[in-house]
Amino acid sequence: MLFEWLATANEQESLTVDAAERRVLWDVESMLEPQLPMLLSRDYDVHVERARRALSEWEGE
């Protein structure tokens, strides 16, 4: 979920951060990406949705 959040936030530039913070976020995203082979999976979106549901249930939402 961290990777998905970072990728979305970086793509949409939806975070209010300065240039140095943006660079750190890009760097963290690029470090996570090679560690997640499921990113190349055809059903990556299914994995993300399952993780969202599991975390939401864990939080009691």
Side-chain angles (χ1 to χ4, degrees):
M1 290 308 313
L2 176 60
F3 176 82
E4 187 64 20
W5 177 78
L6 280 170
T8 301
N10 284 334
E11 184 177 290
Q12 297 175 355
E13 295 186 6
S14 60
L15 298 175
T16 305
V17 294
D18 66 26
E21 293 166 328
R22 170 96 36 219
R23 178 58 194 224
V24 169
L25 293 172
W26 284 335
D27 289 349
V28 171
E29 180 184 351
S30 68
M31 286 187 287
L32 288 172
E33 190 171 15
Q35 305 304 315
L36 299 169
M38 74 175 56
L39 291 173
L40 302 175
S41 171
R42 284 183 279 149
D43 57 348
Y44 174 71
D45 56 336
V46 173
H47 292 289
V48 171
E49 188 54 38
R50 284 182 189 154
R52 280 193 180 114
R53 276 197 311 264
L55 289 169
S56 293
E57 290 169 6
W58 182 73
E59 284 291 319
E61 293 182 2

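Since we're looking at a predicted model, the values are computed, not measured.
There is no path of hydrophobic side-chain contacts, each under 4.5 Å, that joins Leu40 to Met31. In this structure, Trp26 is not a member of the same hydrophobic cluster as Leu36, with clusters built from ILVMFWY side-chain heavy atoms closer than 4.5 Å. Val46 is not connected to Leu39 by any chain of hydrophobic side-chain contacts under 4.5 Å among Ile, Leu, Val, Met, Phe, Trp and Tyr, and they are in different clusters.
Residue pairs meeting the salt bridge (Lys or Arg N to Asp or Glu O under 4.0 Å) criterion with at least one partner in residues 19-40, sequence neighbours excluded, are Arg23-Asp27.
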Donor-acceptor contacts, no H, no angles, side chain residues 1-9, under 3.5 Å, sequence neighbours left out:
unit_1: Glu4; atom_1: OE1; unit_2: Tyr44; atom_2: OH; d: 2.6
unit_1: Thr8; atom_1: OG1; unit_2: Glu4; atom_2: O; d: 2.9

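Checked against side-chain contact (heavy atoms from CB on, under 4.5 Å), Asp45 has no partners two or more places apart in sequence or in another chain. Take Ser30 and apply the side chain to side chain donor-acceptor pair (under 3.5 Å) test, not counting sequence neighbours, and it matches no residue.
Annotation for Leu15 and Leu25: closest pair CD1-CD1, 3.5 Å, computed over non-hydrogen atoms.
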